[in-house]
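Here is the naming used below: chain letters follow the sequence lines, and residue numbers restart at 1 for every chain.
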There are 2 protein chains.
Amino acid sequence: MPTNKPKAANQPTAENGPTAGKKRTAAKNQTATKKPQVTASPERRRELLAAAAEVFAAQGYNATTVRKIADAAGMLAGSLYYHFDSKESMLDEILSDFLTELWEGYDTVLAAGLGPRETIEALVTESFREIDRHRAAVAIYQKESRTLAPQPRFHYLSDSQQKFEKAWLGTLERGVAAKVFRADLDVRLTYRFVRDTVWVAASWYRPGGQHSPEEIARQYLSMVLDGIALRT
Amino acid sequence: MPTNKPKAANQPTAENGPTAGKKRTAAKNQTATKKPQVTASPERRRELLAAAAEVFAAQGYNATTVRKIADAAGMLAGSLYYHFDSKESMLDEILSDFLTELWEGYDTVLAAGLGPRETIEALVTESFREIDRHRAAVAIYQKESRTLAPQPRFHYLSDSQQKFEKAWLGTLERGVAAKVFRADLDVRLTYRFVRDTVWVAASWYRPGGQHSPEEIARQYLSMVLDGIALRT
DNA sequence: ATGCTTCCCTAACAAGTGTTTGGTAGGTTA
DNA sequence: TAACCTACCAAACACTTGTTAGGGAAGCAT
């Protein structure tokens, strides 16, 4: 499954033509297990991934060279390949680790059988907690997910987005039906607004700031649920 | 779009000179008019910039090669340099053009002497109109502004952000003082939420969709001002 | 015809890209 | 002691990147 990578840089340029490849891959491909190092300590691995995530989040994935990552980790570029088999697989691991943890939290909330309003409140709070814990990963997800999702390797991003939409949209609709939320608002539009605002917070949130995730969630929910206008 | 065929080439570069030194002409200073082509028709220039903006928005600035831009424009990479003197200057022109137009609209609104709530409404509506007209530029701005702003060349991005914050925050505070907005919400947090949600819309908005900019603004304002919860 | 201008192409260059190969210091085990 | 494994470095390789020279076809003015 993770074996053959299209070597050079992708590209949908219709015809790769006869002039394309220069016989680069020197018939090395036979032993299936391409995994380079499984023996490595998982701790060092996580350290390196954390370093990489910071750089990815700060500079963007494409603008980040493996040499910058290695620099941040205090080693040389080539040495990274003892731990990971490509730059892309680092990104992959960062994102899938994050999403796995995220959905653990979400699924717990969704299985709790709360009412619509309480579900929204719990989801938002949980989201800000995830931002607190995976700031870098969330920022990367925000910036790159749209470009990555079409790639087969990152198909789980699309899956996640669909699950995401289903959970939020479903809750909103349930709330409208239960006369907990207003019926005159476009549910899909509302969903987009809510979703975006929550996650964009990763771009300005700094852990250890003056607002805890719970406080931010409280303020945000107050705004979205009750509005900022003063009732008269 | 006529796909360019001339992708053969790729010659073996006679000697990969170990004489690496040879610093390229940095020429970073833009002290005076160093424009390479002023003679070019401004119309073609805008066409090319529009094409570039689309690719930048879709793939990200760093992930976009000048060859992709040229492809989208139906020409070859080198030909772009007849119109622009660098890839960066294309980005520069796209962003500064957008911001110039944006502030024309904003300044008009701010000078109208409206009340706090009406000012917010007008700003939001104006923002969605700008998204409608400069979707690509807004998307680029969203993705890259944080990385670009520190660079001297893009210092106007920081300026704009400060003006932006001043206008929005000022209006919100004015509204709180006038008892038009709630006093128990953190104004700075509210500002961030509102700002982000408005602009992130550029990532999903498609002109010609089922919602006009004005309709989106209306829905959004309804949510932020009055909340989505049903009043009982 | 000539020259000039506009706009693009061909072909290259040098620096930078992700990745591979071979080596090796230091620890652990036999 | 030797063999072995882990985690890294040094140096390259194959390709892509932004950018530049030189040239040439088409149009216009002289």
Side-chain angles (χ1 to χ4, degrees), chain A residues 5-11 13 16 19-29 34 36-45 47-48 52 55-56 59 61-71 73-91, chain B residues 2 4-28 34 36-45 47-48 52 55-56 59 61-71 73-91:
Chain A
K5 283 199 34 172
K7 230 47 195 170
N10 53 39
Q11 261 12 307
T13 50
N16 258 358
T19 59
K22 266 199 84 175
K23 82 166 174 218
R24 176 146 152 63
T25 55
K28 190 60 166 299
N29 189 0
K34 179 74 171 61
Q37 267 65 28
V38 206
T39 38
S41 89
E43 187 161 349
R44 184 78 179 117
R45 195 181 179 79
E47 281 179 26
L48 296 177
V55 189
F56 284 154
Q59 324 237 359
Y61 174 71
N62 285 286
T64 300
T65 71
V66 294
R67 284 165 180 83
K68 283 186 198 162
I69 301 175
D71 237 48
M75 58 199 302
L76 290 186
S79 311
L80 285 173
Y81 289 79
Y82 172 72
H83 300 273
F84 309 96
D85 48 277
S86 72
K87 175 188 171 189
E88 198 183 67
S89 77
M90 295 188 220
L91 177 65
Chain B
N4 283 339
K5 61 212 157 164
K7 76 174 315 177
N10 190 12
Q11 69 306 7
T13 65
E15 272 297 327
N16 251 5
T19 61
K22 202 96 179 256
K23 203 76 175 203
R24 190 170 289 272
T25 58
K28 199 61 167 299
K34 59 151 184 190
Q37 267 67 28
V38 208
T39 36
S41 91
E43 186 161 350
R44 183 78 179 116
R45 196 182 179 78
E47 281 178 27
L48 296 177
V55 189
F56 284 155
Q59 326 238 359
Y61 174 71
N62 285 285
T64 299
T65 71
V66 294
R67 284 163 180 84
K68 283 184 198 164
I69 301 175
D71 236 49
M75 58 198 308
L76 289 186
S79 311
L80 285 173
Y81 289 80
Y82 172 72
H83 299 273
F84 310 96
D85 49 88
S86 71
K87 176 188 171 189
E88 198 183 67
S89 77
M90 295 188 220
L91 178 64

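Rounded to an integer number of Å, the gap from NZ of B:Lys68 to C1' of D:dG18 is 14 Å. In this structure, B:Asn62 atom CG and C:dG18 atom P are separated by 11 Å, rounded to whole Å. Rounded to an integer number of Å, the gap from CD of B:Glu88 to P of D:dT17 is 18 Å. Atom CE of A:Met90 is separated from atom C1' of C:dT17 by 13 Å (rounded to the nearest Å). Note: CG (A:Leu80) to P (C:dG18) measures 10 Å, nearest angstrom. Atom CZ of B:Arg67 is separated from atom P of D:dT19 by 11 Å (rounded to the nearest Å). In this structure, B:His83 atom NE2 and C:dC7 atom P are separated by 6 Å, rounded to whole Å. If you take CZ of A:Phe84 and C1' of D:dT6, they are 15 Å apart, rounded to a whole angstrom.
Residues satisfying the salt bridge (charged side-chain N to carboxylate O under 4.0 Å, His left out) test with B:Arg44, not counting sequence neighbours, are B:Glu47. With sequence neighbours left out, A:Ser89 forms a side-chain contact (heavy atoms from CB on, under 4.5 Å) with A:Phe84, A:Asp85, A:Ser86, A:Arg153. Applying the side-chain contact (heavy atoms from CB on, under 4.5 Å) test to B:Thr64 and every residue at least two apart in sequence or in another chain returns B:Val55, B:Phe56, B:Gln59, B:Ile69.
Listed candidates were C:dT19, D:dT19, C:dC8. Nearest to the side chain of B:Lys87 is D:dT19. With D:dA7, D:dG18, C:dG18 as the choices, the nucleotide that has an atom nearest any side-chain atom of A:Val66 turns out to be C:dG18. Counting only heavy atoms from C-beta on, A:Tyr82 has its side chain closest to D:dC8 among D:dG18, C:dT6, D:dC8.
Cation-pi contact between B:Lys87 and B:Tyr61: present, with separation from the ring centre below 6.0 Å and deviation from the ring axis of at most 45°.
Residue A:Thr64 is classed as a sugar-phosphate contact, given heavy-atom separations below 4.0 Å to backbone atoms only. Contacts of B:Arg44 with the nucleic acid, taken as non-hydrogen atoms under 4.0 Å apart, involve only primed sugar atoms and P, OP1 or OP2.
In this structure the side chain of B:Leu48 never reaches within 4.5 angstrom of the side chain of B:Met90, judged on heavy atoms.
Taking only side-chain nitrogens and oxygens, B:Tyr81 comes nearer than 4.0 Å to OP1 or OP2 of D:dT19.
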Shorter than 3.5 Å, N or O on both sides, protein versus nucleotides 9-11 of chain D: list them out with atom names.
| unit_1 | atom_1 | unit_2 | atom_2 | d |
| --- | --- | --- | --- | --- |
| D:dC9 | OP2 | A:Leu76 | N | 2.7 |
| D:dC9 | OP2 | A:Ser79 | OG | 2.8 |

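Note on the helix from C:dA1-D:dT30 to C:dA30-D:dT1: angle between the axes of the first and last five pairs equals 20°, rounded to 10 degrees.
To the nearest 0.5 Å, the span separating CG on B:Leu91 from CG on B:Asn62 amounts to 9.5 Å.
In this structure a side-chain-to-backbone donor-acceptor pair under 3.5 Å is missing from B:Arg67 to B:Leu76.
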